[in-house]
Amino acid sequence: MPYDAPSDLETFRQEVRDWLEENCPQSMRTPQPEDEVVWGGRREKFKNPDSKVWLERMAERGWTAPHWPKEYGGGGLDREQVKVLNQEMSRINARIPLHSFGLWMFGPALLEFGNEEQKKRFIPDIIHGRTRWCQGYSEPGAGSDLAGLQTKCEDKGDHYLINGQKVWTSYADQADWIFCLVRTDNTVKHEGISFILFDMASEGVETRPIKLISGSSPFCETFFNDVKVPKDQLVGEVNGGWKIAKRLLQFERSSISASGFGSARGSGMLELEEYAKIHVGTDSDGKLLDGDLRGRIADHQMYTKAFGLTVRRSQEQAKAGQEVGHTASIIKYAAAKMNQDKHELMIEALGTEGLGWEGEGFDKGAKMVTRGWLRSKGNSIEGGTSEINLNVVAKRVLGLRDHQ
Amino acid sequence: MPYDAPSDLETFRQEVRDWLEENCPQSMRTPQPEDEVVWGGRREKFKNPDSKVWLERMAERGWTAPHWPKEYGGGGLDREQVKVLNQEMSRINARIPLHSFGLWMFGPALLEFGNEEQKKRFIPDIIHGRTRWCQGYSEPGAGSDLAGLQTKCEDKGDHYLINGQKVWTSYADQADWIFCLVRTDNTVKHEGISFILFDMASEGVETRPIKLISGSSPFCETFFNDVKVPKDQLVGEVNGGWKIAKRLLQFERSSISASGFGSARGSGMLELEEYAKIHVGTDSDGKLLDGDLRGRIADHQMYTKAFGLTVRRSQEQAKAGQEVGHTASIIKYAAAKMNQDKHELMIEALGTEGLGWEGEGFDKGAKMVTRGWLRSKGNSIEGGTSEINLNVVAKRVLGLRDHQ
Amino acid sequence: MSFVLTEDQEMLRDTAINFTRDELPVKHLRGLRDSGKNGVDPEGRQKLAELGFFGVLIPEEYDGVGMGMVALGQVMEAQGRTLASTPLLQTACIGASAILLGGSEAQKQEWLPKIASGEVTTALALDEGSHHNPAGVATEAERDGQGYTLNGAKKYVQDGHHADVFIVVARTFGEAGDKHGLTLFLVPRDANGVSVQTLNTVDSHGAAHLTLEDVHVPESHVLGAPDKGMDILEPVLDRGRIALAAEMLGSSRAAFEMTHEYLQTRKQFGQLIGSFQALQHRAAKMFTDLELTTSCVSAALSAVDEQRNDIAELASLAKAMAGETVHLVSNDTVQLHGGIGMTDEHEAGFYMKRARVQEALLGSASFHRDRFAQINGY
Amino acid sequence: MSFVLTEDQEMLRDTAINFTRDELPVKHLRGLRDSGKNGVDPEGRQKLAELGFFGVLIPEEYDGVGMGMVALGQVMEAQGRTLASTPLLQTACIGASAILLGGSEAQKQEWLPKIASGEVTTALALDEGSHHNPAGVATEAERDGQGYTLNGAKKYVQDGHHADVFIVVARTFGEAGDKHGLTLFLVPRDANGVSVQTLNTVDSHGAAHLTLEDVHVPESHVLGAPDKGMDILEPVLDRGRIALAAEMLGSSRAAFEMTHEYLQTRKQFGQLIGSFQALQHRAAKMFTDLELTTSCVSAALSAVDEQRNDIAELASLAKAMAGETVHLVSNDTVQLHGGIGMTDEHEAGFYMKRARVQEALLGSASFHRDRFAQINGY
């Protein structure tokens, strides 16, 4: 049963602390290796059995989705209480019990746009990590023009029939269900899109992992061939899917830029300037021998510092209740540029040491840099290209209009 | 009387050589100071009296316009003969007898588009340097969109009446006549433009020199207030001026890029790397102490070298009869960027020494750099902005189309 | 680190912006230029004094308002917006800081109230070559009976053509290039042996070369400990750099606004030029750089008030970023205005000219990239 | 300096372009990669030999075709277009040049016909760190009875995983960093003490680290005068750099053409993406850089044939310009293709990967900027 939050915040903090002390297994208070991350769903193996216990206990209280309404199994906490919960969790280094597109993207949208029956049916399984969701948005022909999607959804009386193809579907091969944009009217563009849900085990669904220039990836191509979908699995109005899609994109974009493309640190990778010092060499004062490269590294690191300060400024302004749309709009563009510049400089600093793909003869960390360099090229494409970002800044922030 | 060219080129060369030996005054075989350049026209003072003699002698043979037809006073030489004449003139360092927009721009266009009477009336005065012409193209409201010009030309039966304003008219305050684009129909754009000639001494013409950010300039604003123009001074068809204008622009653009924005060398100005060495300092190996600046200077000088090679390649290809439109199209864009980068780096290398405007306390050459730096900002604007240049490359060379 | 202004700071900011907009617009600078004033503006100085701007850093006990660097940064940004030629950087920031950080109690009593009231302006006489180089001082200060005798020459002293007192950095030990062995001296403009060559500069603010020939300075005019001048000089310079970065941010913002306005009103080929995508992307990139620079300047200003230990790094960051941004923006301001931007009649050129002076003062972007790299150990 | 091809050169150019397009397209490289061949392609090598490409620089008296560098540049540009993995740079250019410029008549007689026929391929074993640094050689060659004993390690030897003979640069005098004291040795792959570690590289061409442990080299395998290796090495390296720049130009052109094609076919928001002005301007700027680079490569190639005295400067110019251009273009090829450009299935990524290898071989743009500045005296 969800916890009944007390009105007094300090009492609440004490209770949370006590509860965590009692219920968070010791192994869940240690740094999480990549392969112990819990995504839930039918295929979840819980490599560490404590992960299962920890997820179940947290989900039982609704604390995997602490601010969602209690009636659907959420924690029902207010903003201040959520903050306390997070503080107490990080105080003991408690792991995040559940990673989930359901929690981060689909759930919030369903709570806003779904009907009562849909919420009852899907939300609790998200909170408990029983259903793993994937997102069926991008299509091969659409690119930046998301609304150009062509996956066809026909009304067959007692069901919908879906035919088409999605691409860049993260973890489609691991997911149980998909939330998906489909075309229900091809005479209009944005107004002909619907938002539909279905089981990835349905007949006619096929997934194929995508290999990137940097190697394997979580992305898939996903094919729908005469997939039958019950009619009660369409969310919102028929042809009313675009506004749901847009809301979801906001969640996605903010999560991409917040993550800062977190490069896989640890595991042998060094900082840019360390690589430069090792491979380019330094003079007796410790200055890099290549003055030209040194200047460009400094330039980049200044940009990085400026970026970090801008993120902090944006947060502080938000806290102070100031308008931050202007600042936020540039974050993704700048983050992509920064991460790409960093990797270009790292590859340059590494010289031939940065040219390894696999096997012996190259430093392990350096090979990660090489893969990371290639992967970073996607930063200015995924979740809205840099060109689209600049358009948005020009139009929404600067108010510049298109040709009239 | 124009010279009757012999068929044999070497005979011709000998005759030219003899004639020059006899007719080119000794003082006309020395480097030309700025204030002895002859532009001709009513106001010409011929500071050095030999300049007058030299001009008259050359004009007499039609050799101020050696390839123009003899019937209008030109030299009537063919391409090979013109080359010989130029070679022989530079052999003895003979000065160019006449600088003239009439010779470079207006004359060729009039020969192509003017009627017989107009050619007879205007061409000989150009060749003899008796009339100095200026060009009335740009208008304050038009900018890159030259065809957006608004200077009104009304047909008043026995004359035209002109009202409007031009800007960037080079040497309007020194010129005798103007060739001018005017609007004869404001219901259409390009098809409503005519090409007209008139005397700058006409009632209602007023000029006002323009001061640039770099100081005084040859440019003027030119105002037309009820200027009456005889009807036989319109060239080509009424409303048929645009094609003449375009042809003229080709002459103008090629003369701007060919000149390479020739910075006023000599007179105390040093090369970029010399300024850097003096003001930034070098280590014991002679390397610039600021490694970051050094890399950027090298980068720029590589670009400069590449540019020079590209100009030579374009010339060689032209000689070999190959298509050079592609190469030529990028020259102006690259020349502007190169010249601006050079001046930015010079100003940076000079430090506070590059911040002088006038008066004591600054090196004379450095003050010229400062003015040159400011003046260079116009390179990407005059004669077609860099943005327009890039449009042209994208559309004409790369065949990219506008939105359909 | 604080990125949000207090109410007091916001009020000061508004006051300053309104003041420079109304009283010291670019037109005013043009007027000073055209009437041969070379940036010298006694009436302007009087008004600044009345508004208390000279005393922003000076504690109340010395007749200042003691509002700190974030506050001063607002004033600097405002003056940057209109390119106002004022003695604030040299006096309210550098002069006041030098005396606050290095002065004896007697010196504070003597000088700070005069600075706060606008009675005395100061100018730092440091560099001797054409690039900023604090350790490169060769000007000699030789001990004599009751003080020191100074000999040397200083180049491009900002406000040197009108300041009342110079803060001269001279060498009491070692050789040009040594960080140690510098000493700071207060030298009145009218001291024997001081000669001032006024400079007409590209930004119309003016400046001066200084020559010191056997200038006697009494013991009481030594600022801080002899030979240890760098201990005062570095933090003072960093404050100056940060204040100057704030000024540059103001100039960048104003130039960008001018361009932004033009993009929305100027038509070419029947379309607003701001509707051309290539220009939209350029504007968006400039906006991005402005936002990044704003964060750096804010962080650096507040770091001084919070006495953080990364002031030097933030100062170099702010100055270098502001430098890149102000050139990018002021160049594009001219370019996007086209021909009219090239004329003296338009204000675009004033921004471009001033930007190069801002760049050269207290260390160029290249200088500060080098320093940033050094601080970060490579 | 000549910028226009002769008829013979044009014919060779057409042959080479058609050959790589038909026989060694990017698909071929992908096939080599996916079948674990690591860039080793004996059939390809055989075809190159049949076309006479190995002998382009080799005079007819040694069974080559003696067409010179401009001609070889055409072949290199063609192989750059399809990223073909061939031994041409190391063998037809560097190996042949080293023997031509440094070899005795006996050595020429022995090696050049074998190179021209494709029987023997060579690889220059020079660098020991991860950045190009000819003077940095530490590998020791000690005189023994009838020759030299070599000890040392070489990093990232291009073609090292399959070449038949290594041209090893070793030190017979002085210390790492000295320009003097280097000697070149011909070392067969199967010599005792040579061990080869094959590398799987990002461009799928492969390479090798080399270890030399007490490798005995007879006197007859010394190339050129002992201790004066740099006299041969520098001109050989410059030829290699110029040929590599030609290859990079080919890669840049092909990547640009791919992008250009995509701009004219791909629609977004109902419009061809090539109709968006921001992309038009980017394409126009890339085109400009391609034209500039083309001029530099042509000039450098013909400078070798004309034995001009500015070959070193032009080599550094060409290599640096080609480096900047190939990164600009290959990055934008991925970016403008969007998601599909990020997939391994598409060929865009192959160009970006190869570009970084091209950059690192024989000196990066940064290396050549430094060298260019040195040559120009600053």
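By convention in this document, chain letters (A, B, ...) are assigned in the order of the sequence lines, proteins followed by strands, and residues within each chain are numbered from 1.
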Roughly how far apart are [X] [atom1] and [Y] [atom2], rounded to 0.5 Å?
X        : Y        : atom1 : atom2 : answer
D:Met1   : B:Arg313 : CE    : CZ    : 13.0 Å
D:Leu292 : B:Thr304 : CG    : OG1   : 10.0 Å
D:Ser316 : B:Met302 : OG    : CE    : 6.0 Å

Item checked: Contact listing (chain B partner; residues 8-16 of chain D; heavy atom under 4.5 Å) -> none
Segment of [X] engaging chain B (4.5 angstrom heavy-atom cut-off):
X        : answer
D:Gln280 : both
D:Gln374 : both
D:Ala283 : both
D:Ser366 : neither

Between [options], which residue shows the highest count of heavy-atom pairs closer than 4.5 Å to chain D?
options                      : value
B:Asp402, B:Leu390, B:Leu288 : B:Leu390
B:Lys319, B:Lys395, B:Arg312 : B:Arg312
B:Asp283, B:Asp285, B:Ile297 : B:Ile297

Next item on the list: With sequence neighbours left out, write down each residue that passes ring pair (Phe, Tyr, Trp, His ring centres under 6.0 Å) with D:Phe3, or none if nothing qualifies.
Entry: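 Listed in chain order: nothing, the list is empty.
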Item checked: Option that, when pairs with chain B are counted at under 4.5 Å, heavy atom only, ranks first among D:Met321, D:Glu324, D:Lys285 -> D:Lys285
Notebook entry, point to check: Got a sec, which residues hit side-chain hydrogen bond (donor to acceptor under 3.5 Å, both in side chains) with B:Asp341, two or more places apart in sequence or on another chain?
Noted result: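 Checked B:Asp341 against side-chain hydrogen bond (donor to acceptor under 3.5 Å, both in side chains); matches are B:Lys337.
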Margin query: Suppose we screen for side-chain contact (heavy atoms from CB on, under 4.5 Å). Which residues come up paired with D:Asp310, at least two apart in sequence or across chains?
Written below: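 D:Ala303, D:Arg308, D:Glu313, D:Leu314.
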